[in-house]
Amino acid sequence: MSADIIDGKAFAEGLRGRVAAAVPGFVAKTGRKPGLAVVLVGEDPASQVYVRSKGKATVAAGMESFEHKLPDTTTQDELIAVVEQLNADDRVDGILVQLPLPKGVDEKAVISTIDPAKDVDGFHVINSGKLAVGEEALVPCTPLGCLMLLKDRLGDLTGLDAVVIGRSNIVGKPMAQLLLKESCTVTIAHSRTRDLPAVVRRADIVVAAVGRPEMVKGDWLKPGATVIDVGINRVPAAEEGKTRLVGDVDFASAREVAGAITPVPGGVGPMTIAVLLRNTLVAAHARAGIGAPEGL
Ligand code: NDP
């Protein structure tokens with residue numbers, strides 16, 4: 001058996017198209033474009049790439065992009081002042097502070113300054129609390145993207161056994177909350193879980209968000225399981241001096257057992273920015289007091 005490949009790239013393109021199609025309606029109602037502000041502190045090359053592609057995608061969707069690049073000498077107070085200025089700026093519907101932040105800057109303190117109504121990353125405790133109690137919230141982009149792929153593939157998730165490997169606030173925990181909301185029976189596994197292969201083998205849905213290259217093997221999976229691989233790991237390639245990207249799942253062996261699987265790259269990765277645009281549009285509608293468009 002060879003699993004179906006879940007094409008996150010195509011789904012993300014579709015979502016970006018639906019967001020872009022809804023922007024003119026917002027402009028007609030409010031007289032302005034939805035706006036996303038991205039704050040980057042320091043020179044981290046990977047973060048620079050992410051911020052550039054977020055800016056490009058925002059403009060391509062017909063939204064306003066505001067980029068704030070600050071030196072790595074920026075203090076916590078200075079960064080908080082920038083966030084407060086963005087909170088007060090009516091053109092800004094979404095604020096994203098690119099992580100990680102330089103040493104000496106407390107991420108929690110910065111994130112808690114973001115207006116929860118503009119928290120398009122969904123990292124503010126108000127939003128994670130709302131998600132936990134089942135209220136309408138801005139939800140972290142990567143797990144929401146995973147849920148969209150799962151629902152697109154499986155439809156109703158009620159009663160399915162889901163195992164989420166990883167308990168970070170960014171991916172694992174919100175992923176588990178989202179699956180619980182869909183009435184899955186959810187297990188959260190982590191580095192202290194005993195006999196992880198046996199836990200994973202129960203699952204109809206496996207979401208791997210660990211950060212360990214190709215850790216989840218095919219013989220850990222229940223035949224026919226749907227596997228969502230969040231991992232992005234750079235490992236040495238066969239050719240000397242080159243690297244390649246792999247997920248947290250051993251794709252070759254998992255493909256033989258799973259019913260469907262996301263590839264790396266081209267699976268979950270492209271969903272994150274598409275959902276960020278979606279969250280910005282949703283936040284813009286909520287701030288303007290108008291209902292969000294259907295189908296997002
Ligand atoms: P974290 O490092 O914050 O969390 C990793 C989790 O994995 C922890 O809960 C940890 O457990 C658990 N873990 C570590 N080792 C093991 C093990 N041997 N067995 C079981 N569980 C283990 O990572 P993130 O959640 O931020 O990211 C996870 C992966 O997803 C990374 O590869 C990251 O690059 C990728 N990622 C991809 C995104 C995308 O857009 N596609 C976005 C965000 C992340 P414990 O809590 O016990 O330490």
Side-chain angles (χ1 to χ4, degrees), residues 5-13 15-16 38 44-54 57 96-101 107-108 111 120-123 128 131 138-150 162-179 186-203 206-217 220-221 227-235 243-251 254 261-279:
I5 304 299
I6 298 175
D7 189 347
K9 196 163 173 249
F11 191 95
E13 269 168 29
L15 178 57
R16 281 162 69 152
V38 179
D44 179 62
S47 295
Q48 284 179 332
V49 172
Y50 290 142
V51 166
R52 210 173 307 133
S53 41
K54 283 168 188 170
L96 182 152
V97 178
Q98 184 66 44
L99 303 178
L101 292 171
E107 284 179 5
K108 270 193 208 157
I111 289 167
V120 284
D121 251 343
F123 295 163
S128 42
L131 176 63
L138 286 165
V139 176
C141 301
T142 302
L144 184 54
C146 294
L147 184 75
M148 287 177 181
L149 294 178
L150 282 167
V163 171
V164 178
I165 319 174
R167 55 173 160 179
S168 73
N169 293 332
I170 293 173
V171 189
K173 278 184 205 151
M175 186 74 246
Q177 294 289 2
L178 286 169
L179 290 165
V186 182
T187 303
I188 308 178
H190 45 76
S191 68
R192 307 295 177 89
T193 298
R194 288 189 199 159
D195 198 356
L196 184 60
V199 171
V200 172
R201 216 165 277 132
R202 299 202 296 257
V206 179
V207 180
V210 189
R212 298 199 171 241
E214 300 175 320
M215 184 185 81
V216 177
K217 308 296 180 198
W220 294 20
L221 299 172
V227 179
I228 303 290
D229 189 351
V230 183
I232 302 178
N233 308 289
R234 203 164 271 288
V235 297
T243 58
R244 65 192 177 99
L245 284 185
V246 298
D248 291 340
V249 178
D250 177 25
F251 186 80
I261 184 168
T262 57
V264 176
V268 174
M271 290 300 291
T272 301
I273 289 185
V275 177
L276 175 66
L277 301 177
R278 178 256 178 216
N279 279 359

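Numbering of ligands and ligand atoms starts at 1, following listing order.
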Exercise for the section: Ignoring hydrogens, just give me the one of Val210, Val246, Val207 whose non-hydrogen atom is nearest atom 2 (O) of ligand 1. Expected result: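 Result: the heavy atom closest to atom 2 (O) of ligand 1 is in Val210.
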Handout entry: Proximal candidate to atom 48 (O) of ligand 1 [heavy atom criterion; set Gly267, Ser191, Ala208]
Key =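 Ranked by closest heavy atom to atom 48 (O) of ligand 1, first place is Ser191.
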Could you tell me whether [X] approaches ligand 1 through its side chain, its backbone, both or neither, with non-hydrogen atoms closer than 4.0 Å?
X	value
Leu196	side chain
Thr142	side chain
Val230	both
Met271	neither

For ligand 1, which atoms sit closer than 4.0 Å to a heavy atom of [X]?
X	result
Gly269	41 (N)
Val268	41 (N)
Met215	17 (C), 18 (N), 19 (N)

Problem - Proximity flag Ala189 to ligand 1, non-hydrogen atoms under 4.0 Å - result: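 Per 4.0 Å heavy-atom rule, Ala189 does not contact ligand 1.
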For [atom], what is the nearest protein heavy atom, given as residue, atom name and distance?
atom	answer
atom 31 (C) of ligand 1	Gly211 CA, 3.6 Å
atom 40 (O) of ligand 1	Thr272 OG1, 2.8 Å
atom 26 (O) of ligand 1	Ser168 OG, 4.0 Å

Problem - Arg167-ligand 1 polar pair, N/O distance under 3.5 Å - result: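 Yes.
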Practice task
Return yes or no for this condition: an N or O of Ile232 is under 3.5 Å from an N or O of ligand 1.
Solution key: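 Ile232 vs ligand 1: N/O contact under 3.5 Å present.
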Problem - Residues that Gln98 engages under side-chain hydrogen bond (donor to acceptor under 3.5 Å, both in side chains), provided they are two or more places apart - result: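 Partners of Gln98 under the side-chain hydrogen bond (donor to acceptor under 3.5 Å, both in side chains) test: Lys54.
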Problem - Results of side-chain hydrogen bond (donor to acceptor under 3.5 Å, both in side chains) for Arg244 - residues two or more places apart only - result: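 side-chain hydrogen bond (donor to acceptor under 3.5 Å, both in side chains) list for Arg244, sorted by chain: empty.
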